[in-house]
Amino acid sequence: MIIRHLLIKIANGCLAFFFFFIASVNAYEFPPYEGLNLKIEGQIAENYSNNITFASDNEDRIEDLMTMLDLGLGVQYERATRVLGINGRLNRQLRTKSGDFDNSSERISIDFKNEFSKYDRIILNSSYTHTQVPGLLDEGLNARDCKELEDRFGVDQVRQIYPECDKFEEEFGRFTGKFDSYNNIVVLNYSRDFSDLFNIRTGYSYRSHWSPEEGTTDSYGNQASFGINYGYSAITIFSLSYSLNENRYKEGDVILMQSASIGLRRYITELLYVNGKLGMDFSSSSNNVAVEASLAGQIDENTSANISYFQGDQISSDREDIFRSWRVTGGLTRELSEDLRSSISGFYGQGEFISISVTDSLFGGSLDVSYDFWRDKKGKNISGKLGYTYSDLYSTDETRSYSRNGVTLGLTVGF
């Protein structure tokens, strides 16, 4: 009965959305003007979840069928040495059973890159986000969008601003359940190339977190970083990095952490590489070995893959604590045809909140298939997506444990 209801709602909603936006796309056209581009994107999706609030087994779990409405608006100015983008996204959910229950999310972000010369450049990213449960903004950025952002601004920078590009990371080490969460982050980096084989980078970031939820703690923090990259050859690159991270809590104390590491990147092929870092995290409470290792890139013309391991300490933003964790993540994307793509991802991690001695273990997996019904050179497009997501959190604090299944079928139209 649920499946039949789901199919009926999907058919009606997608057809209405399809014809409405086809008319809009053909009626309005926003051609680039001297490097200025305007992008409007709308999405409608049907989603079924057996735990819409990520509630534990001891709480009231809510199972529901949802119509997800997503609207994105972006303005981008691009020149040979400068890129400026301003993007906004609004997500709303209409529920079948619990109509008075609202999950919503909003984000506005600014991305800026300026090359002063062929040797030095700055990158500025800023984002303000409001969410109630993890993953509400996942549908707004697909793998292709994330890859374009990473190529333009760098992997580390993008994952700070757009956590949905690293699936399941948003769930790991956070306050569980449904609650209003507001986050603001600003990241500014400067880098200079002294030669083809040697460059330095320095950066600063500011972040703040606040929530009216009882049990969470408002906080704000600053981070300064410095790094050196040295290319021993065209395929072997060494790096050194250092960062100083300070986080202050409302009506609480200050956590100060220093991190230092040495790294190596080795290209196996022109587009496939291994990356490794080894270092230490030093904080007022304890010290810990930090390890990063990854294999990523293009396996062939149609297939890209990545697998990574991370171990280290992170300062928690919603409680006065340090989250000491390790995790393994992996993903595979395959272009099945010119218009058909599939991707699969997995996550397993374990972490401990040091001061309260609570340990979490999170397992997650997802499978997505997308199809471009229509795409032209000016950027107008109509695409569909079918996805399945599973996540399971086990915690020594039983009130934090939950499991969740979700199925999504959606249609996106952009122009």
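- Donor-acceptor pairing under 3.5 Å is lacking for the side chains of Asp281 and Asn288.
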Legend entry - Intermediate values then yes/no, side chain to side chain donor-acceptor pair (under 3.5 Å), Glu320 and Thr217: CA-CA 7 Å; Glu320 190 177 331; Thr217 304; over 6 Å; no
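- In this structure, Asp372 pairs ionically with Arg341, as a charged nitrogen and a carboxylate oxygen lie closer than 4.0 Å.
- Thr412 and Gln43 share a side-chain donor-acceptor pair at under 3.5 Å.
- For the residue pair Tyr119 and Asn199, no side-chain donor N or O sits within less than 3.5 Å of a side-chain acceptor on the partner.
- A heavy-atom distance below 4.5 Å is not found between the side chains of Tyr394 and Ser403.
- For the ring pair (Phe, Tyr, Trp, His ring centres under 6.0 Å) test, no residue two or more places apart in sequence or in another chain qualifies with Tyr232.
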Inset, instruction - Applying side chain to side chain donor-acceptor pair (under 3.5 Å), run through Asp180 and Gln132 and close with a yes or a no. - result: CA-CA 5 Å; Asp180 285 296; Gln132 293 185 319; 2.9 Å; yes
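- Distance check: Thr129 OG1 to Asn183 CG gives 6.5 Å after rounding to the nearest 0.5 Å.
- Between Tyr273 and Tyr267, the ring centre distance stays below 6.0 Å.
- Residues satisfying the ring pair (Phe, Tyr, Trp, His ring centres under 6.0 Å) criterion with Tyr249, sequence neighbours excluded, are absent altogether.
- When side chains are defined from C-beta on, Asn91 counts as touching Met68, because their heavy atoms get closer than 4.5 Å.
- The structure places OG1 of Thr408 at 3.5 Å from CG of Asn47, a figure rounded to the nearest 0.5 Å.
- Taking the six-membered ring for Trp, Phe238 and Tyr230 have ring centres at least 6.0 Å apart.
- What you find for Phe172 and Gly351 is that their closest heavy atoms are CZ-N, 3.7 Å.
- Side-chain polar atoms of Ser345 and Ser366 form a donor-acceptor pair below 3.5 angstrom.
- Using a 3.5 Å distance cut-off with no hydrogens or angles, the side chains of Tyr204 and Asn222 do pair a donor with an acceptor.
- Heavy atoms only, all atoms of each residue included: Ser127 and Arg107 are closest at OG-CD, 3.4 Å.
- Between Ser104 and Arg92 the shortest heavy-atom distance is CB-NH1, 3.0 Å.
- Under the rule for a salt bridge (Lys or Arg N to Asp or Glu O under 4.0 Å), the partners of Arg327 that lie at least two apart in sequence or sit in another chain are Glu169.
- Remark: Tyr220 OH is loosely packed, at most 12 non-hydrogen atoms of other residues, nucleotides or ligands lying under 6.0 Å away.
- In this pair, Tyr182 and His130 present their aromatic rings parallel. The plane angle is below 30°, not in the 30 to 60° band.
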Output a table of donor-acceptor pairs, distance under 3.5 Å, between side-chain atoms of residues 184-192 and any protein atom two or more places apart or on a different chain; print 'none' if there are none.
| residue | atom | partner | partner atom | Å |
| --- | --- | --- | --- | --- |
| Asn189 | ND2 | Gln157 | OE1 | 2.3 |
| Tyr190 | OH | Asp120 | OD2 | 3.4 |
| Ser191 | OG | Arg121 | NH1 | 2.8 |

Inset, instruction - Could you please spell out the steps behind the ring-ring contact (aromatic ring centres under 6.0 Å, His included) verdict for Phe54 and Tyr402? - result: CA-CA 6 Å; Phe54 294 76; Tyr402 66 81; 5.4 Å; yes
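- Here the two rings, on Phe168 and Phe363, have centers that are 6.0 Å apart or farther.
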Legend entry - Step-by-step side chain to side chain contact (heavy atoms under 4.5 Å, CB included) determination, Val289 to Leu278: CA-CA 8 Å; Val289 176; Leu278 178 64; 4.0 Å; yes
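- Ion pair Glu63/Arg61 not flagged as a salt bridge, since none of the NZ, NE, NH1 or NH2 atoms sits closer than 4.0 Å to an Asp/Glu carboxylate oxygen.
- Summarising the geometry, atom CG belonging to Leu36 is positioned 8.5 Å from atom OH belonging to Tyr77; distances are rounded to the nearest 0.5 Å.
- Counted by atom type alone, Asp321 and Ser316 present zero donor-acceptor pairs between their side chains at under 3.5 Å.
- For Phe198, the ring pair (Phe, Tyr, Trp, His ring centres under 6.0 Å) criterion is met by Phe194, not counting sequence neighbours.
- Scanning both residues, Leu272 and Ala296, for their nearest heavy atoms gives CD1-O, 3.3 Å.
- Smallest separation of non-hydrogen atoms from Ser308 and Thr329: OG-OG1, 2.6 Å.
- In this model, no donor atom of one side chain and acceptor atom of the other lie less than 3.5 Å apart for Ser401 and Ser395.
- Looking only at atom types and distance, the side chain of Tyr309 has a donor-acceptor partner in the side chain of Gln311 under 3.5 Å away.
- Under the salt bridge (Lys or Arg N to Asp or Glu O under 4.0 Å) criterion, Arg334 pairs with Asp300, sequence neighbours left out.
- Minimum heavy-atom separation, Asp313 to Met257: CB-CE, 3.6 Å.
- Looking at Ser241 and Ser261, their side chains do bring a donor and an acceptor atom within 3.5 Å of each other.
- Here the OG-NZ distance, from Ser294 to Lys277, works out to 9.5 Å after rounding to the nearest 0.5 Å.
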Inset, instruction - Could you walk me through whether Tyr388 and Asn405 pass the side chain to side chain donor-acceptor pair (under 3.5 Å) test, one step at a time? - result: CA-CA 8 Å; Tyr388 169 77; Asn405 289 275; 2.4 Å; yes
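- Between the NZ atom of Lys385 and the OG atom of Ser343 there is a distance of 7.0 Å, given to the nearest 0.5 Å.
- Atoms CG and CD, from Asn245 and Gln258 in turn, are 10.5 Å apart once rounded to the nearest 0.5 Å.
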Inset, instruction - Verify side chain to side chain donor-acceptor pair (under 3.5 Å) between Thr67 and Glu46, making sure each step is shown before the conclusion. - result: CA-CA 5 Å; Thr67 299; Glu46 292 298 319; 2.7 Å; yes
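- No side-chain donor from either of Thr216 and Asp318 sits under 3.5 Å from a side-chain acceptor of the other.
- Between Thr236 and Leu264 the shortest side-chain heavy-atom distance falls below 4.5 Å.
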